[in-house]
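Contents: one structure, followed by commentary.
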Amino acid sequence: MTPLRSWLGFAAFYASSFAVLAVYMQFFPAWLHGAGGLKEAEVSVVMAAQTVARTLLGTYWAHRVDRRGDARPILLGLAAASVGAFALFGVAPGLAGFAVVAFLFGSLFSPMYPICDAAAMQAAAAHGQSFGRMRVVGSSSYLLALLAMGALVQRSGLAPTYGLLLVGTMAMAATALLLPRAPDQRGATAAAAAPAAAPPWTSLLAQPSLWLLLGAAALIQGSHATFYNLSTLHWADRGIDASVASIVWAEGILAEILLFWFARTTVDRLRPTTLLLLGAAAAVVRWCIVGATTDVVLLLASGWLHAVSFGCTYLGSLRAIDRRVPAPLRATAQGLLGAATSGVGMVVGGLAGGFAYDALAGGAFFVMAAFAAIGGWLSWRLRRAMDVATAKPPSASQSDAAT
């Protein structure tokens, strides 16, 4: 497959899957409450079931990719199965039924993102392309879907949400057919013809540096949970119009898009741990602003920090794995990263922030700043550990790939 067709294949899948993600994350909980008849606490249970599923099964699917050596068949299967799983929401009987379906859907839909990221990074490196510019298609699609769905809800309410998401998952499964296969190197040499046994995925858990990376990324990204869950409510209680909250959210996504688009000439030149440290520092500043003030000008300014607090942390985590994890286990490591950040990190950050908000109101964002600061400390420890590792022969000549 040509570099252009490879790029277009990933771009199409990113566009369709992120459009589904935008509508699902922002509007489906409200549909569960309205059309599904669930109370707010019950909606939280259903959404948590999906997060638990991703945490438990994301690594399993990623390791299947490493064992197979090609992400495309796994992504095709997960995308097709996601359509059937989501369709079950239309016939789920009450809270228990919704929770079971959400767990099933989360075990199929959510793991696709880290798997696709790993495959896209590999393809971009092979073709001399920018992963950031490939990934920006997903962020742009997320923003456009969010705006379009918001306008539709204003006119028609939440009733079309389920049908649109079902059609969206079908479109996502169709674009998965455009994904490229992994490069076939079986004919390169006779030795390559006999595939070497991949090391067990549990060997990753014996690497202290990976634990430092997972902990740092989980804390920094998890510090965003309270903002995602409670910022709009926090501002509404203080007289800030919902339209302002929407602008702050849109600013963050736009900032992320700009970062990914220009990454090749800016942040791509930085070490992964530098990106993690920048992400932690930006998160600390951002949550301190949100916790300390409701001044609209400052809140609008803080929205642009999303590019660094989320974007740099995201890119730094991916690049750390790409540079430090052996290729046969790279997708598995991406699965572990997804489980740590979107799973454990978000659950712990969301719960801690929720309890802190009950006691401290806006002070909960200072708790999230502390989460990010600890993530920055772990990032510094990871940097020091990698500096020591690259200083030892024979790897001293590989310092350009230091984490």
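The first residue in the sequence is number 1, and the count goes up from there.
- Here the straight-line distance linking atom CG of Leu337 with atom CG of Leu318 works out to 6.5 Å at 0.5 Å rounding.
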- request: Could you walk me through whether Arg135 and Glu256 pass side-chain contact (heavy atoms from CB on, under 4.5 Å), step by step?
  value: CA-CA 10 Å; Arg135 173 60 171 72; Glu256 176 187 319; 3.6 Å; yes

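- Expressed to the nearest 0.5 Å, how far CE of Met112 lies from CG of Leu179 amounts to 10.0 Å.
- In this structure, Gly350 and Ala225 approach most closely via the heavy-atom pair N-CB, 3.4 Å.
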message: Please evaluate residues Asp66 and Arg330 with respect to the criterion salt bridge (Lys or Arg N to Asp or Glu O under 4.0 Å), reporting the C-alpha separation (whole Å), side-chain torsions for both, the decisive distance (0.1 Å), and the verdict.
response: CA-CA 7 Å; Asp66 281 332; Arg330 205 163 285 157; over 6 Å; no

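- Put simply, the side chain of Glu42 reaches to within 4.5 Å of the side chain of Leu95, judged on heavy atoms.
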- prompt: After noting the C-alpha distance and the side-chain angles of Glu251 and Leu254, does the key distance pass the side-chain contact (heavy atoms from CB on, under 4.5 Å) rule?
  reply: CA-CA 5 Å; Glu251 275 183 341; Leu254 180 59; 5.7 Å; no

- prompt: Do Thr161 and Leu158 pass the side-chain contact (heavy atoms from CB on, under 4.5 Å) test, and can you show the C-alpha distance, the side-chain angles, and the key distance before you say yes or no?
  reply: CA-CA 6 Å; Thr161 303; Leu158 291 162; 3.9 Å; yes

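- Between Ile240 and Leu299, the closest heavy-atom pair is CD1-CD1, 3.8 Å.
- Within the structure, every pair that satisfies the salt bridge (Lys or Arg N to Asp or Glu O under 4.0 Å) test and touches residues 70-79, not counting sequence neighbours, is listed here: Asp70-Arg181.
- In plain terms, the two heavy atoms of Val101 and Ala85 that are nearest each other are CG1-O, 3.4 Å.
- Between Leu276 and Ser317 there is a side-chain heavy-atom pair separated by less than 4.5 Å.
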For residues 279-290, tabulate all N or O donor-acceptor pairs below 3.5 Å that involve a side-chain atom, not counting sequence neighbours.
| unit_1 | atom_1 | unit_2 | atom_2 | d |
| --- | --- | --- | --- | --- |
| Arg286 | NH1 | His306 | ND1 | 3.1 |
| Arg286 | NH1 | Ser309 | OG | 3.0 |
| Trp287 | NE1 | Ser223 | OG | 2.9 |

field: Check against ring-ring contact (aromatic ring centres under 6.0 Å, His included), Phe86 and Tyr162
entry: CA-CA 9 Å; Phe86 185 81; Tyr162 172 78; 5.3 Å; yes

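- Note that CH2 of Trp31 and CZ of Phe89 are 8.0 Å apart. Values are rounded to the nearest 0.5 Å.
- Residues Leu152 and Phe27 form no side-chain contact, since every pair of their non-hydrogen atoms from C-beta on lies 4.5 Å or further apart.
- With no hydrogens or angles considered, a side-chain donor-acceptor pair links Thr175 and Ser16 at under 3.5 Å.
- Closest heavy-atom contact between Ala120 and Met134: CB-SD, 3.6 Å.
- With hydrogens and angles left out, the side-chain atoms of Gln26 and Tyr142 include a donor and acceptor closer than 3.5 Å.
- In this structure, Arg5 forms no cation-pi arrangement with Trp7, as its terminal cationic atom is not both closer than 6.0 Å to the ring centre and no more than 45° off the ring axis.
- Remark: Trp304 CH2 to Leu258 CG distance equals 6.0 Å, nearest 0.5 Å.
- When all heavy atoms are compared, the tightest approach of Ala218 to Thr341 is N-CG2, 3.9 Å.
- Side-chain contact between Thr2 and His127 is absent, with no heavy-atom pair separated by less than 4.5 Å.
- Looking at His234 and Tyr357, their side chains come closer than 4.5 Å, going by heavy atoms from C-beta outward.
- Contact record, Ser231 with Phe365: CA-CZ, 4.2 Å, taken as the closest heavy-atom pair.
- Of the possible polar contacts, one joining the Trp61 side chain to the Ser107 backbone as a donor-acceptor pair under 3.5 Å is found.
- By the 6.0 Å contact criterion, CZ on Arg381 is open, its count of non-hydrogen atoms from other residues, nucleotides or ligands being 12 or less.
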query: Is there a side-chain contact (heavy atoms from CB on, under 4.5 Å) between Met149 and Leu164 once you walk through the steps?
result: CA-CA 10 Å; Met149 189 64 187; Leu164 286 173; 3.8 Å; yes

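- The backbone N or O of Gly335 sits nowhere less than 3.5 Å from a side-chain atom of Tyr60 that would complete a donor-acceptor pair.
- For Ser342 (side chain) and Ala339 (main-chain N/O), no donor-acceptor pair under 3.5 Å exists by modelled atom type.
- Atom CE of residue Met121 and atom CZ of residue Phe131 lie 6.0 Å apart, to the nearest 0.5 angstrom.
- Between Phe310 and Phe260, the two ring planes are perpendicular [angle over 60°; tilted spans 30° to 60°].
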message: Checking Thr274 against Arg383 for the side-chain hydrogen bond (donor to acceptor under 3.5 Å, both in side chains) test, could you report, in this order, the C-alpha distance in whole Å, the side-chain angles of both residues, the deciding distance, and whether it holds?
response: CA-CA 8 Å; Thr274 301; Arg383 185 186 187 94; 2.8 Å; yes

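- Atom CD1 of Ile220 is separated from atom CZ of Phe371 by 12.5 Å, given to the nearest 0.5 angstrom.
- Taking the six-membered ring for Trp and thresholds of 30 and 60 degrees, Tyr24 and Phe28 have nearly parallel ring planes, at less than 30 degrees apart.
- Counting heavy atoms from C-beta outward, Leu278 and Leu270 have side chains that approach closer than 4.5 Å.
- For the pair Leu76 and Leu177, the minimum side-chain heavy-atom distance is below 4.5 Å.
- Within the 4.5 Å cutoff, side-chain heavy atoms of Leu38 are placed close to those of Phe98.
- When only modelled atom types and interatomic distance are considered, Arg54 and Ser110 share no side-chain donor-acceptor pair under 3.5 Å.
- The backbone N or O of Val137 lies less than 3.5 Å from no partner atom in the side chain of Ser141, so there is not a single donor-acceptor pair.
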